[in-house]
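Written out below as structure tokens is the structure these notes cover.
Quick caveat: nothing in here was measured; it's all calculated off a predicted structure.
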Amino acid sequence: YEKTCRHLAWKSNSVFVSVGYRLAPEHPYPAQFEDCVTATIHFLRTAQDYGVDPSRIIICGDSSGGTLTAAVAQALVNRRDLPKLRAQILIYPFLQCVDFDLPSYQQNKAVPILLKERTITFGLRYLNKDVRLVETMDRWSHIPEDLRLKYKKWVSADHIPQEFKARGYQPSPTLPLAEELAEILRPLLNPVFSPLLAEDSVIAQLPETFILTCEYDVLRDDGLLYKKRLEDHGIKVTWCHLQEGFHGTL
């Protein structure tokens with residue numbers, strides 16, 4: 001990513017800090033999140049040492065980096081001892097593991113590079129879970145009954161604009177709860193892993209946000225759903241949609 005970061009720094013006339021967070025599976029989750037929080041806090045406290053205005057710091061990430069960016073922004077909303085983030089930039093982020101049957105997952109399940117099955121497998125490997133569970137995670141079977149109604153307020157095809165269903169979408173029945181599966185996969189519901197599941201009190205305090213989505217990407221609807229949640233709470237969102245874009249296009 002060094003060339004990409006150099007290019008962005010040059011084009012935006014910005015100081016750029018790239019966090020070399022530890023990688024899974026050698027370093028189990030949530031080491032990656034902890035590294036990003038630690039680096040962000042350190043830079044917020046020492047920004048002036050680098051000639052940076054502490055009130056103009058933006059955090060940014062793409063794909064799983066977008067997940068980490070969203071999670072870090074949420075983790076800092078109640079910190080009164082630090083400067084507030086100026087903004088967050090989420091580039092085709094992974095934001096939820098509740099519903100893998102959204103329109104974007106149905107339409108793009110076989111579109112390289114991020115196939116639907118690969119997406120779920122990566123998540124299971126990240127949490128050091130049995131990848132054979134990939135077969136059972138499509139239709140809410142891993143979501144406890146008491147959380148289904150709560151999450152459907154935020155994660156539902158009903159919140160996806162009709163234009164994004166034009167390439168095809170078929171609602172699927174919700175499968176009954178598999179209790180053993182739900183217990184194994186409960187860590188997936190932590191907002192650190194699935195930032196779209198954060199409470200309203202956290203979402204309402206987030207900074208101004210830029211979201212980039214791609215039409216040919218299973219994660220497209222994650223971005224659309226987060227955009228809606230932020231806007232519902234009065235957060236300013238700048239949205240860019242690449243009609244011919246695909247995951248990894250950056």
Side-chain angles (χ1 to χ4, degrees), residues 1-77 79 81-95 113-114 118-119 122-123 125-127 190-196 198 206-214 217-220 222-223 226-227 230 235 237-240 242 245-250:
Y1 271 72
E2 184 179 355
K3 285 183 71 174
T4 301
C5 291
R6 284 179 177 274
H7 177 77
L8 291 171
W10 173 60
K11 294 293 270 187
S12 63
N13 191 29
S14 302
V15 172
F16 229 80
V17 179
S18 182
V19 181
Y21 58 83
R22 292 169 291 171
L23 302 180
E26 292 84 1
H27 300 280
Y29 163 88
Q32 300 71 29
F33 165 74
E34 291 166 352
D35 287 355
C36 289
V37 169
T38 300
T40 304
I41 290 172
H42 175 73
F43 192 72
L44 285 165
R45 285 176 170 159
T46 61
Q48 290 178 321
D49 295 347
Y50 301 92
V52 172
D53 180 348
S55 69
R56 298 181 67 189
I57 294 172
I58 298 168
I59 57 174
C60 171
D62 76 311
S63 193
S64 57
T67 315
L68 291 166
T69 299
V72 169
Q74 292 179 5
L76 298 180
V77 295
R79 293 291 295 261
D81 58 327
L82 298 169
K84 289 289 186 185
L85 292 171
R86 172 64 183 85
Q88 60 176 341
I89 295 174
L90 310 178
I91 300 171
Y92 37 77
F94 172 93
L95 297 172
I113 56 175
L114 198 61
R118 181 177 292 174
T119 305
F122 282 164
R125 287 192 185 281
Y126 187 31
L127 287 181
N190 188 315
V192 169
F193 192 88
S194 295
L196 189 53
L206 288 170
E208 182 177 347
T209 302
F210 176 93
I211 298 175
L212 185 138
T213 55
C214 294
D217 181 8
V218 292
L219 301 183
R220 179 196 70 202
D222 283 24
Y226 206 51
K227 172 180 178 288
L230 291 165
I235 308 300
V237 177
T238 301
W239 172 52
C240 175
L242 302 182
F246 53 90
H247 195 84
T249 197
L250 179 66

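- S64 places no side-chain N or O within donor-acceptor distance of the main-chain N or O of D62, the cut-off being under 3.5 Å.
- Side-chain atoms of T69 and I89, non-hydrogen and from C-beta on, never get closer than 4.5 Å to each other.
- When the salt bridge (charged side-chain N to carboxylate O under 4.0 Å, His left out) test is applied to E34, no partner is found at least two apart in sequence or on another chain.
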Query raised in the report: What's the verdict on side-chain contact (heavy atoms from CB on, under 4.5 Å) for L44 and R79, showing C-alpha distance, side-chain angles and the deciding distance?
Result: CA-CA 11 Å; L44 285 165; R79 293 291 295 261; over 6 Å; no

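- In plain terms, the two heavy atoms of L23 and Q32 that are nearest each other are C-NE2, 3.5 Å.
- The local environment of CD in E26 is crowded, with over 12 non-hydrogen atoms from other residues, nucleotides or ligands closer than 6.0 Å.
- To the nearest 0.5 angstrom, L85 atom CG is 9.0 Å from L206 atom CG.
- When all heavy atoms of T209 and I211 are compared, the pair lying nearest together is CG2-CG1, 3.7 Å.
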Requested in this report: Under the side-chain contact (heavy atoms from CB on, under 4.5 Å) rule, what do D81 and R45 come out as? Steps first, then yes or no, please.
Outcome: CA-CA 9 Å; D81 58 327; R45 285 176 170 159; 3.1 Å; yes

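- Judged as a side-chain hydrogen bond (donor to acceptor under 3.5 Å, both in side chains), and not counting sequence neighbours, the contacts of E2 are R6.
- Judged purely by atom type and a 3.5 angstrom limit, Q74 has no side-chain atom pairing as donor or acceptor with the backbone of A198.
- We find the CG-CD1 distance between L82 and I57 to be 9.5 Å, quoted to the nearest 0.5 Å.
- Nearest heavy-atom pair across V52 and F43 is CG2-CZ, 3.9 Å.
- When C60, C240, C214 are each tested for a side chain to side chain contact (heavy atoms under 4.5 Å, CB included) with I91, only one passes: C60.
- Looking at every heavy atom in both residues, R22 comes nearest to A31 through NH2-CB, 3.6 Å.
- Note that CG of L90 and CG of L95 are 6.5 Å apart. Values are rounded to the nearest 0.5 Å.
- Between V192 and F33, the shortest heavy-atom contact is CG1-CG, 3.6 Å.
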Requested in this report: Evaluate the criterion side-chain contact (heavy atoms from CB on, under 4.5 Å) for residue pair I59 and L68; output intermediate values, then yes/no.
Outcome: CA-CA 10 Å; I59 57 174; L68 291 166; over 6 Å; no

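- How far CG of L250 is from OG of S63: 10.5 Å, rounded to the nearest 0.5 Å.
- For the pair T67 and P195, the minimum side-chain heavy-atom distance is below 4.5 Å.
- Taking the six-membered ring where tryptophan is involved, the planes of Y92 and H247 are tilted, since the angle between them lies from 30° to 60°.
- Expressed to the nearest 0.5 Å, how far CH2 of W239 lies from CG of L230 amounts to 14.0 Å.
- Side-chain contact between T40 and V17: absent, with no pair of heavy atoms (C-beta onward) separated by less than 4.5 Å.
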Report task. Check the pair Y126, F193 against side-chain contact (heavy atoms from CB on, under 4.5 Å), reporting the backbone distance first and the verdict last. Result -> CA-CA 10 Å; Y126 187 31; F193 192 88; 3.4 Å; yes

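- No donor-acceptor distance shorter than 3.5 angstrom exists from the side chain of K227 to the backbone of T238, with no hydrogens or angles considered.
- Taking CG of D53 as the reference point, atom CZ of R86 lies at 10.5 Å (rounded to 0.5 Å).
- In terms of heavy-atom proximity, V19 sits nearest to D35 at CG1-O, 4.2 Å.
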